[in-house]
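Just so it is clear: chains get the letters A, B, ... in the order the sequence lines come, proteins before strands, and each one is counted from 1.
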Amino acid sequence: MSFLSYFRSQRKKNASSASLAKERLQIIVARERLQCAGGPDYLPMLQDELLAVVRKYIQVDRNAVRMQLDQEGDCEVLELNITLPDDPETSVRVR
Amino acid sequence: MTRIIVVTSGKGGVGKTTTSAAFAAGLASAGRRTVVIDFDVGLRSLDLIMGCERRVVYDFINVINGEAALNQALIKDKRVPGLFILPASQTRDKDALTTEGVERVLDELSEEFDYIICDSPAGIERGAYLAMYFADEAIVVTNPEVSSVRDSDRVLGLLASKTRRAERGEPSVRERLLVTRYAPSRVGRGEMLSVEDVQEILAIELLGVIPESTTVLNASNSGMPVILEARSDAGQAYQDAVARFLGEEREHRFLTEKKGLFGRLFGGSSA
Ligand SMILES: Nc1ncnc2c1ncn2[C@@H]1O[C@H](COP(=O)(O)OP(=O)(O)O)[C@@H](O)[C@H]1O
Ligand SMILES: [Mg+2]
């Protein structure tokens with residue numbers, strides 16, 4: 001390994017520190033937003049499992065599965081957004 | 001119309017009081033009549049940052065309790081015309097703050113001032129709740145660090161549900177992000193969350209980025225709002241943020257490190 005690439009690889013190794021922080025935050029924040037929305041407490045687990053199912057077939061990001069709880073009149077609506085990679089047009093929406 | 005602005009964060013020690021003092025001094029310097037209120041009852045510090053601690057006679061709680069008139073408690077800043085400070089009580093606790101009392105004081109201040117800055121205490125208890133309750137706008141102060149970002153996200157949830165605007169179904173509180181204690185060199189090395197990371201997670205408009213700077217400590221040692229240190233990086237970053245707050249377009253500075261020889265040699269392509 002050359003002198004320069006030694007320093008470059010050190011940089012890469014550290015790069016994971018901030019990205020780890022970001023990934024952890026995305027998970028925490030998604031969970032807390034669901035909880036604060038006053039939704040049932042199985043929502044974060046439901047979201048995790050949905051993500052696992054999607055990932056069995058398609059390689060997607062951690063935040064590709066988004067859930068949101070809304071109130072429409074007397075009805076509670078659980079909105080589920082799954083963003084597929086590369087082609088944003090193919091976003092699947094289930095309601 | 002008077003605008004009420006809360007400077008809030010959830011987490012303590014991130015730079016709310018530093019920011020409140022800077023914004024108050026900056027807005028007053030721009031010719032807006034501005035008052036800054038310390039909501040940190042029992043742990044006041046705004047008077048120290050503003051350098052007026054020896055002139056405190058009456059405080060916010062005295063006014064709420066009718067023990068002093070508002071103009072007896074307001075302290076006029078000696079450097080910036082049109083800038084006033086309403087200090088917190090050092091001896092009472094947060095229960096002395098009542099919704100009605102705070103509303104009455106804010107109403108009275110609204111007759112005199114263009115901007116009312118509410119310096120929120122840490123946490124999400126009574127003091128922090130009342131500091132945000134009447135707000136029209138919020139400056140969410142966040143450090144590029146996991147627990148601070150998480151707390152800011154919780155505070156955003158509260159701003160959207162626990163404020164007077166939310167309860168009355170009025171247009172929501174305008175929320176803007178101020179990232180403080182930012183160390184571009186550490187971001188460059190991948191050790192610290194970048195502004196983009198923080199903004200992506202919190203998903204609100206970016207008002208500014210204040211670099212980690214020794215000037216901030218020096219300014220607080222001498223009781224001088226850091227924005228008045230016009231030649232320092234932090235002072236200039238606050239000036240930019242205030243200008244953006246007032247609607248000016250300014251490019252973000254201090255986002256990358258000033259590279260020395262070593263940085264240029266080994267910096268690679270990313271910076
Ligand atoms: N940009 C900055 N660079 C360096 N130190 C800072 C910066 N902003 C704040 N600090 C320091 O952080 C500490 C907490 O700041 P403060 O404004 O009192 O935070 P809070 O009101 O959120 O508790 C103080 O010691 C202050 O000097
Ligand atoms: Mg403070």
note = Only one of B:Ile201, B:Val198, B:Val149 passes side-chain contact (heavy atoms from CB on, under 4.5 Å) with A:Lys22, and that residue is B:Ile201
ask   = Which pair of non-hydrogen atoms, one from A:Ala18 and one from B:Leu193, has the smallest distance, and what is that distance?
value = O-CD2, 3.6 Å
ask   = Hey, are the side chains of A:Ile28 and B:Asp153 touching, using non-hydrogen atoms and a 4.5 Å cut-off?
value = no
message = Within the supplied structure, the quantity of interest is the number of heavy atoms (other residues, nucleotides, ligands) at a distance under 6.0 Å from B:Arg250 CZ; does it exceed 12?
response = yes
Minimum heavy-atom distance B:Gly190-A:Ser17, with the two atoms named = O-CB, 3.6 Å
inquiry  = Heavy-atom count check: over 12 atoms from other residues, nucleotides or ligands less than 6.0 Å from B:Glu125 CD?
reply    = no
query = Does atom CZ of B:Arg253 have more than 12 heavy-atom neighbours, drawn from other residues, nucleotides or ligands, at distances under 6.0 Å?
reply = yes
